[in-house]
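As the structure lists them, so they are numbered: ligands from 1, and atoms in each ligand from 1. Every heavy atom of this structure was used, including side-chain atoms; hydrogens, water molecules and symmetry mates were not.
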Amino acid sequence: MPRMKAAIFVEPGRIVLDEKPIPDVGPRDALMRITTTTICGTDIHILKGEYPVAKGLTIGHEPVGVIEKLGSAVEGYQEGQRVIAGAITPSGHSYACLCGCGSQDGPGTKHGFKAMGGWKFGNTIDGCQAEYVLVPDAAANLSPVADNLGDEEILMCPDIMSTGFAGAESGGVKIGDTVVVFALGPIGLCAVAGAKLMGATTIIGVDTVPERLAVAKKLGADIVVDFKKGDPVEQIMELTDGRGVDVAIEALGTQGTFESALRVLRPGGTLSSLGVYSNDLKIPLSAFSAGLGDNKIITSLCPGGKERMRRLLNVVASGRVDLKALVTHRFKLDDIEAAYDLFGHQRDGVLKVAITP
Ligand SMILES: NC(=O)c1ccc[n+]([C@@H]2O[C@H](COP(=O)([O-])OP(=O)(O)OC[C@H]3O[C@@H](n4cnc5c(N)ncnc54)[C@H](O)[C@@H]3O)[C@@H](O)[C@H]2O)c1
Ligand SMILES: [Zn+2]
């Protein structure tokens with residue numbers, strides 16, 4: 001049986017490059033040959049054991065590649081075609097999908113819903129930090145890529161861009177809104193770009209890393225706040241004349257940033273949460289207006305599926321948003337352990353790494 005290289009979760013603290021059989025292709029699957037992929041902040045949660053996955057699983061959920069083999073029932077594509085698939089691969093036919101929340105897809109479950117069930121790559125099935133990945137429900141998930149778009153230009157579409165933009169979309173950002181984004185990692189930076197696309201006219205970015213604050217300004221932040229130079233809540237309330245923001249996007253996944261996001265909302269404002277949390281959250285009463293503040297708290301898992309990917313590819317192709325600055329480092333798949341080390345420790349100004357088999 002032909003084999004391939006893959007980055008495999010062994011135990012907390014260890015993801016190693018090893019060999020696995022190239023998967024067999026079922027009727028509704030497609031085998032994708034990976035040309036470029038990357039590492040997500042969520043993979044670091046997995047590496048640290050903060051988000052549990054099965055031992056032996058191939059990690060990675062951001063595939064750019066070429067169709068190597070199509071399942072017998074998949075129509076409308078050709079082998080050899082360049083494609084991406086989202087980090088989230090909804091089946092397209094579950095109750096959750098037909099309800100418009102394919103990220104919570106549960107096709108085999110009694111009611112058709114499963115929390116986070118649409119996130120399969122590198123979570124419940126083998127992921128794409130490998131030479132090949134099997135794409136389930138290929139007809140719902142493969143999105144063709146135009147020849148003039150380079151791999152690195154579209155590398156953010158499967159997850160980072162989809163998730164960051166979803167922070168602004170789920171938050172219901174409106175023209176003229178004031179929006180704050182807590183944490184300017186790749187996800188928060190894309191939330192800034194998404195808020196700008198949605199029409200926010202004052203965007204405040206919160207972080208402390210100078211390079212990240214600078215990229216946030218390039219992508220649309222009007223003001224940046226360094227959380228180490230004073231209480232960010234006070235700084236934001238001052239910047240908004242005590243009014244607070246219309247939408248606060250949380251892009252880290254900690255009690256501190258969640259709470260700050262809640263405290264800077266104007267009455268009736270929306271907290272749009274993107275972070276992956278590894279502990280229970282508390283809602284402080286002083287930020288909760290006795291439950292009568294008309295506030296909304298909304299959470300989003302990265303939207304996936306081929307229609308979402310088609311739209312994001314169009315955003316890139318149209319030049320509305322240019323995320324090339326997010327790819328700061330490049331590694332061969334053979335050196336993925338070094339890539340994890342650099343990315344996990346956020347050394348050398350890293351934002352995203354491009355990994356090529
Ligand atoms: N919802 C989803 O579908 C989804 C998808 C992908 C990633 N995520 C999650 O999004 C989160 C962000 O991922 P990332 O890769 O962008 O993160 P990252 O780790 O690259 O960046 C985090 C940033 O937070 C900053 N930071 C630390 N403490 C802060 C504070 N108190 N206030 C403001 N900023 C602070 C750091 O300086 C850093 O720049 C992670 O929890 C990740 O797991 C969620
Ligand atoms: Zn991710």
Side-chain angles (χ1 to χ4, degrees), residues 37-48 50-51 53 59-63 86-88 101-104 115-116 118-123 127-129 155-171 180-193 204-216 224-233 235-236 248-261 263-264 272-279 298-304 308 323 326 328 342-347 349-353:
T37 185
T38 178
I39 302 175
C40 177
T42 305
D43 299 331
I44 302 301
H45 290 298
I46 292 173
L47 174 65
K48 289 180 178 165
E50 294 166 355
Y51 183 91
V53 299
I59 305 306
H61 50 258
E62 298 162 273
I88 305 304
C101 50
S103 298
Q104 315 300 328
M116 299 177 286
W119 175 27
K120 298 166 191 171
F121 286 146
N123 181 27
C128 63
Q129 288 166 9
L155 185 57
M156 301 305 125
C157 294
D159 181 359
I160 305 304
M161 196 176 169
S162 190
T163 302
F165 283 12
E169 293 167 287
S170 303
V180 64
V181 180
F182 282 93
L184 301 171
I187 298 284
L189 289 169
C190 284
V192 167
I204 306 169
V206 186
D207 205 295
T208 191
V209 180
E211 295 87 350
R212 295 184 172 208
L213 296 172
V215 177
V224 290
V225 163
D226 184 338
F227 68 84
K228 288 199 174 154
K229 293 189 180 151
D231 177 9
V233 174
Q235 294 186 66
I236 291 155
I249 300 175
E250 199 288 342
L252 183 62
T254 66
Q255 174 70 32
T257 41
F258 180 85
E259 205 174 309
S260 296
R263 287 187 191 280
V264 297
S272 177
S273 173
L274 294 174
V276 174
Y277 300 87
S278 10
N279 287 300
I298 183 149
T299 68
S300 309
L301 172 56
C302 172
R308 174 68 168 180
L323 298 173
L326 295 197
T328 54
L342 177 101
F343 183 78
H345 293 96
Q346 291 184 4
R347 274 200 293 271
V350 66
L351 275 169
K352 286 289 275 185
V353 295

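Heavy-atom proximity to Val206, at under 4.0 Å, picks out these atoms of ligand 1: 33 (C), 34 (N). Ligand-side atoms of ligand 1 in range of Val209: 37 (O), range being under 4.0 angstrom from any heavy atom. Every atom of ligand 1 with a heavy atom of Thr257 under 4.0 Å away is listed here by number and element: 30 (C), 31 (N), 32 (N). Remark: ligand 1 atoms within the under-4.0 Å shell around heavy atoms of Leu301 are 3 (O). Shown in contact with Gln346 at under 4.0 Å from a heavy atom are these atoms of ligand 1, numbered in order with element: 18 (P), 19 (O), 20 (O), 21 (O). Taking every non-hydrogen atom of Cys302 and a distance limit under 4.0 Å, the qualifying atoms of ligand 1 come out as 2 (C), 3 (O). Atoms of ligand 1 lying under 4.0 Å from at least one heavy atom of Leu252, given by number and element, are 11 (C), 22 (C), 24 (O), 26 (N), 27 (C), 28 (N), 29 (C), 35 (C), 40 (C), 41 (O).
Here atom 1 (N) of ligand 1 lies nearest to Leu274 when heavy atoms of Val181, Val276, Leu274 are compared.
For Asp159 and His61, the side-chain atoms include at least one donor-acceptor pair closer than 3.5 Å.
In terms of modelled atom types and a separation under 3.5 Å, the side chain of Gln129 and the main chain of Thr38 share a donor-acceptor contact.
For the pair Ile204 and Val264, the minimum side-chain heavy-atom distance is 4.5 Å or more. Contact annotation: the side chain of Leu326 approaches that of Val215 to within less than 4.5 Å [non-hydrogen atoms, C-beta and beyond]. Residues Met156 and Pro186 fail the side-chain proximity criterion, which asks for heavy atoms closer than 4.5 Å.
Remark: Cys157 SG to Leu323 CG distance equals 8.0 Å, nearest 0.5 Å.
Remark: distances from the non-hydrogen atoms of Gly256 to ligand 1 are all 4.0 Å or more.
Atom OD2 is the N, O or S atom of Asp159 at the shortest distance from the Zn ion (ligand 2).
For the pair NE2 of His61 and SG of Cys40, the angle whose vertex sits at the Zn ion (ligand 2) is 110° to 10 degrees.
At a cut-off of 2.8 Å, Cys302 does not coordinate the Zn ion (ligand 2) through any N, O or S atom.
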